Enquirer: 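One structure is given below, represented as structure tokens, and several questions about it will come after.
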There are 2 protein chains.
Amino acid sequence: MSKDPELVNDEVHLTTQVVNHIRTLIENGSLRAGDKIPPEREFAKDLKISRASLRAGIGYLAAMGVLNVRHGVGTFVADGPPVVSKSSLSLMGVLHGFKPWQLFEARLILEGSLAALAAERGKEEHHSALAEEVAEMYATVSDPHEYLIHDVRFHRTIAEASGNPILASLMETITGTLYDERRKTVERSRDLKQSAEMHREIYRAIRAKKAVEARDAMERHLRMAETAQVNERAMMSSKRAQQKPRRSKMAEAAKA
Amino acid sequence: MSKDPELVNDEVHLTTQVVNHIRTLIENGSLRAGDKIPPEREFAKDLKISRASLRAGIGYLAAMGVLNVRHGVGTFVADGPPVVSKSSLSLMGVLHGFKPWQLFEARLILEGSLAALAAERGKEEHHSALAEEVAEMYATVSDPHEYLIHDVRFHRTIAEASGNPILASLMETITGTLYDERRKTVERSRDLKQSAEMHREIYRAIRAKKAVEARDAMERHLRMAETAQVNERAMMSSKRAQQKPRRSKMAEAAKA
DNA sequence: GTTGCTCAGTGGTCTGACCTCACACTTCAC
DNA sequence: GTGAAGTGTGAGGTCAGACCACTGAGCAAC
């Protein structure tokens, strides 16, 4: 009990101060989603700090997904669906040895609950949006790439309909990790017809406000999706040879 | 077809290169949890980039919670329980207007599932660890601060027993957001006896490998905890006057 | 043995220059 | 007129080197 310097975590780093400053600007409404923040040079001058320190703070917020930096254009407050740092999970994954099945299990639990909540709270607008996406899925069963887009939108709409943006954002984090890989293997997808069928079941359960059924349907769908993706991955890895060489400024970095 | 650089999202930013480089070092085992990375000056020289750029990459990874930077000491690969960027959620919160009840709902769903999984998969070691914490809780019902420590450890042990570190990390993210506030209001806690009682029920259900009961007990517990915390918060806000003045380098920043 | 100082190592900040990119505007050929 | 090529401007990205601030350990005085 001799030391307890954690209680008063005063803003020691300038980085932290920048973060909190911008956070405050967002809290009091000075900055809203989509807004552009001042140019770095100017902003740094206003804040009476160096551009380097400001950039550290911006970098932090960008890593968190709160800011969106576009080279040559400007830095913007993130809009769109809330995502808790997209690549965060994959980084954590390599560090703690996450297994793919754990990813799927997490998704199963989250989306299952999301579907149940959506069934309880979904409004008309959500129902029609879901119906729209289901229709699009049926219409694109022969175009895997296009299908995937509507697939993602369907799930995202359910997340929105759940009325809990926090859970939605967690789901976005999980699925985002799976998405990159999926985009590469989607070419080999089959049974999209069956997939569309299952989405329709989910939709019907949600529209009927039957939470339990919605959860069950979602879980059935995801279990099948898992199997499918594992198969796709297996097919992929059986023929991979060329690795496009990339000339990176630090290509020959030592192996420590 | 003059340009097609989109397919291979080459590492355009040096920051990204640094991140991927370190990521690779972790993947191939050159760096493990707890390890210290080379000093910035040296590392930057090895990578043939400026220290500023290296720092940008390190900053990103630190924001992600993958690296742990300690002024005057060094930069280390994070160990301890996996956490997806602690402050991320609170940042997202102010941006998208997260409500407290949504936080509790997310926690309810996550921890409920976690408890169910723990009941299915928990090993002897977890059972004994849980028993230990429950005993400590009973022993510290009159010391809120100490009690809170064991409370947190109890939930963390369940998360570990669930066998799914991804879900555990999501839970850690959620509870971490609630924790800061809790630490301030915990003084006013009461009914710790009852709380300990509920933890014991959860423990018994997990030990008996009864998933459904474990989930129910956990949900009951969290619902009560929510009510309690809301009350504590109400008592808190009724008397707050002094706001420790903080001399910040950018204290007088304009309100834009 | 304890206390206090110094010092080396390491991250934190600053400065100001230059590079690269995206976009809008201008110019010119057709 | 209209489209394409060139150019200017403003924004973020990188660099170099200096100096500041913190930590921990070793040394010295007590």
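Note: hydrogens, waters and symmetry copies are ignored here, and every other heavy atom, side chains too, is used. Chain letters run A, B, ... following the sequence lines, proteins first and then strands; every chain starts at 1. All of these numbers come straight from a predicted model, not from anything done at the bench.
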Enquirer: Provide, to the nearest angstrom, the distance between the NZ atom belonging to K48(A) and the C1' atom belonging to dT15(C).
Expert: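 About 18 Å, once rounded to whole Å.
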Enquirer: So do the side chains of I22(A) and V66(A) get within less than 4.5 Å of each other, counting heavy atoms only?
Expert: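 I22(A) does not reach V66(A) side chain to side chain.
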Enquirer: Tell me the interatomic distance from R70(B), atom CZ, to dA21(D), atom C1', rounded to whole angstroms.
Expert: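 From R70(B) CZ to dA21(D) C1': 16 Å.
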Enquirer: Taking side-chain hydrogen bond (donor to acceptor under 3.5 Å, both in side chains) as the criterion, tell me which of R156(B), H150(B), H155(B) meets it with E133(B).
Expert: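 Running side-chain hydrogen bond (donor to acceptor under 3.5 Å, both in side chains) over R156(B), H150(B), H155(B) with E133(B) returns exactly one hit, H150(B).
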Enquirer: Show the distances under 3.5 angstrom between N or O atoms of the protein and N or O atoms of nucleotides 7-10 of chain D.
Expert:
{"unit_1": "dG10(D)", "atom_1": "N2", "unit_2": "G72(A)", "atom_2": "O", "d": "3.2"}

Enquirer: With the threshold set at 4.0 Å, does a side-chain nitrogen-carboxylate oxygen contact exist between E27(B) and R23(B)?
Expert: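 Between R23(B) and E27(B) there is a salt bridge, with a charged N closer than 4.0 Å to a carboxylate O.
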Enquirer: For L14(A) and dC20(D), give me the distance from atom CG to atom P, rounded to whole Å.
Expert: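 To the nearest whole Å, that distance equals 15 Å.
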Enquirer: Rounded off to whole Å, could you give me the CG-to-C1' distance for the N68(B) and dG12(C) pair?
Expert: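 One finds 16 Å between C1' of dG12(C) and CG of N68(B), rounded.
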Enquirer: From the list dT15(C), dG12(D), dC15(D), which nucleotide is the closest neighbour of the side chain of V69(A)?
Expert: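 The nucleotide sitting nearest to the side chain is dG12(D).
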Enquirer: DNA chain C: A56(A) or G74(B), which has the more 5' nearest nucleotide?
Expert: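 The answer here is G74(B).
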Enquirer: dT10(C) phosphate, OP1 or OP2: any side-chain N/O from T75(B) under 4.0 angstrom?
Expert: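 Looking at the OP1 and OP2 atoms of dT10(C), neither is under 4.0 Å from any side-chain N or O of T75(B).
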Enquirer: Scan nucleotides 16-18 of chain C against the protein and return all N/O pairs shorter than 3.5 Å with their distances rounded to 0.1 Å.
Expert:
{"unit_1": "dC18(C)", "atom_1": "N4", "unit_2": "R41(A)", "atom_2": "NH2", "d": "3.4"}

Enquirer: In terms of the angle between their ring planes, are H21(A) and F43(A) parallel, tilted or perpendicular, with boundaries placed at 30° and 60°?
Expert: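 It falls in the tilted class, 30° to 60°.
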Enquirer: When you compare the side chain of L67(A) with that of V77(A), does any pair of heavy atoms fall below 4.5 Å?
Expert: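 Yes, their side chains come closer than 4.5 Å.
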Enquirer: Grab the NE2-C1' distance between H13(B) and dC21(C) for me, whole Å please.
Expert: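 The answer, rounded to whole Å, is 10 Å.
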Enquirer: OP1 or OP2 of dG13(D) sitting under 4.0 Å from any side-chain N/O of S53(B)?
Expert: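 Negative; the distance criterion is not met.
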Enquirer: I need the CG-P distance between L47(B) and dC15(D), as an integer number of Å.
Expert: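 Between P of dC15(D) and CG of L47(B): 11 Å.
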Enquirer: Going by heavy atoms in the side chains, are R153(B) and I149(B) under 4.5 Å from each other?
Expert: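 R153(B) vs I149(B): side chains touch.
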Enquirer: Measure from the side chain of E40(A), starting at C-beta and using heavy atoms only, and say which of dC15(D), dG12(D), dG12(C) lies closest.
Expert: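 Output: dG12(D).
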Enquirer: Ignoring backbone atoms, establish whether S50(B) has a side-chain N or O less than 4.0 Å from OP1 or OP2 of dG13(D).
Expert: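 For S50(B), the contact criterion (side-chain N or O under 4.0 Å from OP1 or OP2 of dG13(D)) is not met.
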Enquirer: Specify the separation, in whole Å, of atom CZ of R55(B) and atom P of dG13(D).
Expert: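 Rounded to the whole Å, the gap is 16 Å.
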Enquirer: Any side-chain heavy-atom pair from T175(A) and V152(A) closer than 4.5 angstrom?
Expert: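 T175(A) does not reach V152(A) side chain to side chain.
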Enquirer: Check whether the side chains of S30(B) and N28(B) place a donor and an acceptor atom closer than 3.5 Å, and report yes or no.
Expert: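 Judged by distance alone, the side chains do pair up.
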Enquirer: Keeping the roles fixed (side chain from D35(B), backbone from R32(B)), state whether a donor-acceptor pair exists under 3.5 Å.
Expert: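 Yes; judged by distance alone, with no hydrogens or angles, the pair exists.
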Enquirer: Can you tell me the distance, in whole Å, between the CZ atom of F76(B) and the P atom of dT10(C)?
Expert: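 After rounding, the reported distance stands at 10 Å.
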